Amino acid sequence: MIVLKNQNTQNQHKITWKQIKKQKSLIFLTIPFVVYVIIFNYLPLGGWLMAFQNYKPRDGLWGSKFVGLDKFVQLFHNKLFIESIRNTFAIGALNLVFSTVFAIVFALMLNEVRIKGVKKFVQTVSYLPHFLSWIIVTGIVFDVLSLDNGIINQLLVGVGILDKPINWLAYPKFFWWIVTFATLWKETGWNSIIYLATMSSINPDLYEAAEIDGASRFRKILHITLPGIKSTIFILLIINIGNILNTTFEIPYLLQNDLVRSVAQTIDIYVLKYGISQNDYSLGTAAGIFKSIVSIVIIFIANQIAKKMGEEHLF
């Protein structure tokens, strides 16, 4: 019986030419996107060769001197790069945790709004910051935290928490949190969309049955809504964990100053400053390879953990 079951499973997963012919219209539609990905995502990977060279633009990719792993050794012997790794992981981890939690909580609260007009208005208002440039967002952050007339200083001094206004962006201990909450303000509404879409697909009969049994709104959220979106949470969490090193360039770069540089410089800023700006493209490429390898490893680890827990996983 087991053998027969395995054979049936293999037959179900076996792709035949007949199935391919049935899907040929969809396959043709995907060809332009596959070509786009190959040209703009895979062909540029040939540039990784620069990380193992002392690359000079005048010599080109094939004429530059091969130096092996020297650029990687140079990176990991540089205190500033080690600081950049720490800052990138810290800011990325804070963004990951708080963005996930706030998006889920916001989606749950919005899902409980029964007045459609109010719900649509709140959704629209919460989505709008996503479309703002980071330059505009950082301008708002500067105004809100201003020493002279910033609303945060005025509020805290007014209620007696602070004796006098302080320059929030001059203290390294506040910088990561400022970046995190600026990101939350900008992206929470947008990040909640997929959770709201998943909630709308939950069978309404489950809520009706729970209501008949006397379940409160909180109980329905706890025992129906959250389990209903659990698979979505895990999939997005795995994907976002893989991007933990790729979400920290614009706002730290725009908010940084000499007083907080030790906690503001991320890997991307390091590449810009010591790689591209100084024409050391090999160093920048080596840092980029490091980011890619770490991201892939993190995704595999997160996926295996989810698989062992019996939850949804990518592969």
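Any value given below was found using the heavy atoms of this structure, including those in side chains, with hydrogens, waters and symmetry copies removed. In this text, all values refer to a predicted model and were calculated from it rather than measured experimentally.
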Using links of under 4.5 Å between side-chain heavy atoms of ILVMFWY residues, direct or through other members, which residues join L147 in one cluster? none

Classify the angle between the aromatic ring planes of F66 and F52 as parallel (below 30°), tilted (30 to 60°) or perpendicular (above 60°). parallel

Shared hydrophobic cluster for V122 and I115 (ILVMFWY, side-chain gaps under 4.5 Å): yes

Euclidean distance, L145 CG relative to L255 CG, rounded to 0.5 Å: 8.5 Å

Quick one: are the ring centres of F290 and F76 less than 6.0 Å apart? yes

With a 4.5 Å heavy-atom cut-off, do L26 and T30 have their side chains touching? no

When you look at N78 and Y270, which way does the side chain to side chain donor-acceptor pair (under 3.5 Å) test go after all the steps? CA-CA 11 Å; N78 190 320; Y270 178 89; 3.0 Å; yes

Can you name the closest pair of heavy atoms from N87 and A264 and give their distance? ND2-N, 3.9 Å

If you count every heavy atom of other residues, nucleotides or ligands that lies below 6.0 Å from D213 atom CG, does the total exceed 12? yes

Rounded to the nearest 0.5 Å, how far apart are CG of N191 and CG of L236? 8.5 Å

Hey, what's the ring geometry for F249 with Y253, parallel, tilted or perpendicular (30° and 60° as the breaks)? parallel

Quick one: closest heavy-atom pair of A302 and I241, and the distance? CB-CD1, 4.1 Å

Backbone N or O of Q123 within a donor-acceptor pair of the S126 side chain at under 3.5 Å? yes

salt_bridge(D280, K71) N-O dist < 4.0 Å: yes

Is it the case that one hydrophobic cluster holds both L196 and V101, taking links as side-chain heavy atoms less than 4.5 Å apart, direct or via other members? no

So does F174 get a backbone contact from the side chain of W168, meaning a donor-acceptor N/O pair under 3.5 Å? no

Is there a side-chain contact between T183 and F98 in this structure, where contact means two heavy atoms from C-beta onward sitting under 4.5 Å apart? no

Assess whether atom CZ of R219 is packed by more than 12 heavy atoms of other residues, nucleotides or ligands within 6.0 Å. no

From Q304 CD over to M309 CE, what is the distance, rounded to the nearest 0.5 angstrom? 13.0 Å

Nearest heavy atoms of I238 and H313, plus distance in Å: CD1-CA, 4.0 Å

Identify whether F142 and L184 are in the same connected component of the hydrophobic contact network (ILVMFWY, side-chain heavy atoms under 4.5 Å). yes

Measure from the side-chain N and O atoms of Q278 to the backbone N and O of G275, and report whether any donor-acceptor pair falls under 3.5 Å. no

Is it true that F72 and I296 fall in one hydrophobic cluster, defined by side-chain heavy atoms closer than 4.5 Å? no

Is V105 close to T188 at the side-chain level, that is, under 4.5 Å between some pair of heavy atoms? no

Atom CD1 of residue position I31 - does it have more than 12 heavy atoms of other residues, nucleotides or ligands inside 6.0 Å? yes

Say whether Y274 and V73 are linked into one hydrophobic cluster, either directly or through other cluster members, by side-chain heavy-atom distances under 4.5 angstrom. no

Near F218 CZ, under 6.0 Å, is it more than 12 heavy atoms from other residues, nucleotides or ligands? no

Is any side-chain heavy atom of K79 less than 4.5 Å from a side-chain heavy atom of I82? no

Any non-hydrogen side-chain atom of M50 less than 4.5 Å from a side-chain atom of S64? no

Do other residues, nucleotides or ligands put more than 12 heavy atoms under 6.0 Å from the CD1 atom of I151? no

Proximity of F102 and F106 rings by center, below 6.0 Å: no

Side-chain heavy atoms of F181 within contact of V141, under 4.5 Å: no

Does a side-chain heavy-atom distance below 4.5 Å link D163 with V157? no

Backbone of V260 reached by a side-chain donor or acceptor of N257 within 3.5 Å: yes

Given the side-chain rings of F33 and Y36, with only the six-membered ring counted for Trp, is the space between their centroids under 6.0 Å? no

Can you check whether Q256's main-chain N or O pairs, donor with acceptor, with R261's side chain at less than 3.5 Å? no

Going by heavy atoms in the side chains, are I224 and I202 under 4.5 Å from each other? yes

Return yes when atom CD1 of I166 has more than 12 non-hydrogen atoms of other residues, nucleotides or ligands closer than 6.0 Å, and no otherwise. yes

Does W190 have its ring centroid less than 6.0 Å away from the ring centroid of F131? yes

Contact summary for P57 and Y281, nearest pair of heavy atoms: CG-CE1, 3.8 Å

Give a yes or no answer on whether the side chain of S200 reaches the backbone of A197 with a donor-acceptor pair at less than 3.5 Å. yes

More than 12 heavy atoms of other residues, nucleotides or ligands under 6.0 Å from NZ of K307: is that the case? yes

Please test T266 against S84 for side chain to side chain donor-acceptor pair (under 3.5 Å), starting from the C-alpha separation and ending with a verdict. CA-CA 4 Å; T266 61; S84 300; over 6 Å; no

Gap between atom CE of M199 and atom CD1 of I104 - 0.5 Å precision: 8.0 Å

Evaluate Q265 against K273 for side chain to side chain donor-acceptor pair (under 3.5 Å), listing each step before the verdict. CA-CA 10 Å; Q265 183 167 275; K273 185 180 295 184; 3.2 Å; yes

Does T232 use its side chain to pair, donor to acceptor, with the backbone of Y195 at less than 3.5 Å? no

Is it the case that over 12 heavy atoms from other parts of the model lie below 6.0 angstrom from the CZ atom of F121? no

What are the two closest non-hydrogen atoms of L245 and D268, and how far apart are they? O-OD2, 4.4 Å

Partners meeting side chain to side chain donor-acceptor pair (under 3.5 Å) with E187 (sequence neighbours left out): H130

With no hydrogens and no angle check, is any side-chain donor or acceptor of T138 less than 3.5 Å from a backbone partner on I251? no

Between N153 (side chain only) and S146 (backbone N and O only), is there a donor and an acceptor less than 3.5 Å apart? yes

Closest non-hydrogen atoms of S277 and L272, given as atom of the first, atom of the second and distance, are OG-O, 2.7 Å

Any side-chain donor near an acceptor of the partner, E211 and Y207, under 3.5 Å: no

Using only atom types and a distance under 3.5 Å, with no angle test, would you say the side chain of N303 pairs donor to acceptor with the backbone of F315? yes

